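First the structure, in the form of structure tokens, and then the observations on it.
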Number of protein chains: 2
Amino acid sequence: MPWGDMLPMIFADFLRNRRREQLSDQDLAALEASVSQVRKTHARQLLAHAGEPIACSTYLMEGFICRYMDDRNGLRQLVAVHVPGDFVDLHGYPLGRLDHDVATLSASKIAMVPHEALDGLLAQRPNLTKLLWFSTLLDAAMHREWIFRLGRLDAVARIAHFFCEIEAKLRAVGLSDGSRFALPLTQADLGEACGMTSVHINRMLRELRERELLQVQRGRVTISDLAALRRLCDYDPSYLFIGG
Amino acid sequence: MPWGDMLPMIFADFLRNRRREQLSDQDLAALEASVSQVRKTHARQLLAHAGEPIACSTYLMEGFICRYMDDRNGLRQLVAVHVPGDFVDLHGYPLGRLDHDVATLSASKIAMVPHEALDGLLAQRPNLTKLLWFSTLLDAAMHREWIFRLGRLDAVARIAHFFCEIEAKLRAVGLSDGSRFALPLTQADLGEACGMTSVHINRMLRELRERELLQVQRGRVTISDLAALRRLCDYDPSYLFIGG
DNA sequence: CGCCCAGTTGAGCGACTTCAAAATATGTGG
DNA sequence: CCACATATTTTGAAGTCGCTCAACTGGGCG
């Protein structure tokens, strides 16, 4: 029996249902051993600020975290929403500093990985290194999909597309059954993710509700017709590399 | 004298003015040795198609290449514009397949690097590996800036922001003096990059011309007042990691 | 109970699109 | 080097999507 099963598994959800088969028990053990601290945070708490050097990356075990950029008027644009199993700012390791802020959306449980430990992994574990690299490129693929969403989709489709992505990510780690999941975002947050005002988000959510595709209430999302929702925004989850 | 100076330097512009000091002569030599082929391509030629597995990555030596995604109606959204010195689809190595198309904009000179060769580098050259990883994350940082551009800026500022980025990238590899550079993009291309119609691009370019900030003609861009242009769109190039 | 934040709704406006046509470059073959 | 064909740029007019501003509703919590 792989000894990973015997320990508290911090990285149990890391790349789960992605390409997990490539992660050997030894690599997993090395990754677990590189964690310096596991801690809990409150909701709406700033974890890292744009520009400052970082020496530690954050892996999300429970809860929701977002990354965002501010314009000069303080208006936010979200660039990512992270769910359990995401290595939120692993890119800070090769980059050395972040070009965006990182903050929790909900109360969360996170694991801290010092970059010194990652140096060790990089030098000794090429397979693990490639997998870590892969995970940062998964984020880049999501960025591209966000660019497409903002550049080519209208308001309803943007929202639909956003929820399709979140649903697919949550399902991969067992937090969605394909129709229901928790998502602690306000309509203002959705606006900051989809590049529109919260007022218009509200109207478009009503439309999605009336078309019986999607319902949002009190931080819970109910997707009544996932296939139709995906059709609406031409959603294809292959960029998430789920299922191999 | 480093022996890199003695050879035809394929990667002379790779991360030039970025963090080049970290790339040792041996690493550089190993990188050069991993190239299987250098070839020229015509303008507007498809290099890689979304979805198909790739076994080789493309480094751009001369010319311009873009990456884009299509919606169901065939409308394109560019997700990146590459200039000489860019490792265009290095992310295809950890990912295994691409989630977007790659095509030349102008006639180009490219170097092909088989992924097998990269396996060798990954196993034996941690510093080089970290630098290659870094370069793919620079692309991700640019993606984030594009998300911000599309989500938070109006039409004029989007165009200004796009040109500010291209100018900064070209200057880093010596292809812009801060005011003039070649850029073989049509107004339709600009529209596909900035998420708007070519008609509106045309009108906004006129506005930028009338405000004496920027001029575009026959594939040549002239920036009359870079500082003002940057102010217009709140542009801060620090995400490009130029100069350090 | 009353406050505050999130959600909801309406009216009017402005930015950008759509559709259409004309003007100007660019490229090609003779 | 010209004539022709094609691509790109430019301009106008009308329509629509999403924004702004403003007010009101409702739920959670001290």
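Reminder, nothing fancy here: chain letters follow the sequence lines and each chain counts from 1. All heavy atoms count here, side chains included; hydrogens, waters and symmetry mates do not. These figures come from a predicted structure and were not determined experimentally.
- In this structure, Arg220(B) atom CZ and dT26(C) atom P are separated by 13 Å, rounded to whole Å.
- Following rounding to the nearest Å, Leu190(B) (CG) and dT10(D) (C1') show an atom-to-atom distance of 15 Å.
- By the ring-ring contact (aromatic ring centres under 6.0 Å, His included) test, His161(A) is found to be paired with Tyr235(A), residues two or more places apart in sequence or in another chain being considered.
- Put simply, CD on Glu207(A) is 14 Å from P on dT8(C), counting in whole angstrom units.
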I'd like a table of donor-acceptor pairs (distance under 3.5 Å, sequence neighbours excluded) in which one partner is a side-chain atom from residues 207-218 of chain B, with atom names and distances.
| unit_1 | atom_1 | unit_2 | atom_2 | d |
| --- | --- | --- | --- | --- |
| Glu207(B) | OE2 | Arg211(B) | NH1 | 3.0 |

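- In this structure Asp189(B) satisfies the salt bridge (charged side-chain N to carboxylate O under 4.0 Å, His left out) test together with Arg44(B), sequence neighbours excluded.
- Protein atom CG of Asn73(B) is 11 Å distant from nucleotide atom P of dT18(C), rounded to whole Å.
- Considering only residues two or more places apart in sequence or on other chains, Asp154(A) meets the side-chain hydrogen bond (donor to acceptor under 3.5 Å, both in side chains) condition with none of them.
- Neither OP1 nor OP2 of dT9(D) sits under 4.0 Å from any side-chain N or O of Asn202(B).
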Pairs: protein N or O with nucleotides 6-8 of chain D N or O, under 3.5 Å:
none

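- Note that the two end axes of the helix from dC1(C)-dG30(D) to dG30(C)-dC1(D) enclose an angle of 50°, each drawn from 5 base pairs, rounded to 10 degrees.
- Side-chain atoms of Arg18(A) come within 3.5 Å of backbone N or O of Leu240(A) as a donor-acceptor pair.
- Not counting sequence neighbours, Phe181(B) has no partner by the ring-ring contact (aromatic ring centres under 6.0 Å, His included) test.
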What verdict does the side chain to side chain contact (heavy atoms under 4.5 Å, CB included) test give for Asp70(B) and Leu75(B), after you've listed the backbone C-alpha separation in whole Å, the side-chain angles of each residue and the deciding distance to 0.1 Å?
CA-CA 5 Å; Asp70(B) 289 299; Leu75(B) 289 177; over 6 Å; no
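- Partners of His200(A) under the ring-ring contact (aromatic ring centres under 6.0 Å, His included) rule, at least two apart in sequence or in another chain, do not exist in this structure.
- Under the ring-ring contact (aromatic ring centres under 6.0 Å, His included) criterion, His100(A) pairs with His91(A), sequence neighbours left out.
- Residues meeting the side-chain contact (heavy atoms from CB on, under 4.5 Å) test with Val199(A), sequence neighbours left out: Thr197(A), Arg203(A).
- Sorted by first and then second residue, the pairs that involve residues 176-185 of chain B and meet side chain to side chain donor-acceptor pair (under 3.5 Å), not counting sequence neighbours, are Glu167(B)-Ser176(B), Asp177(B)-Ser179(B).
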The contact string for nucleotides 16-30 of chain D, one letter per nucleotide 5' to 3', using protein heavy atoms under 4.0 Å with B, S and - for base, sugar-phosphate only and none, comes out as --BSBB------S--
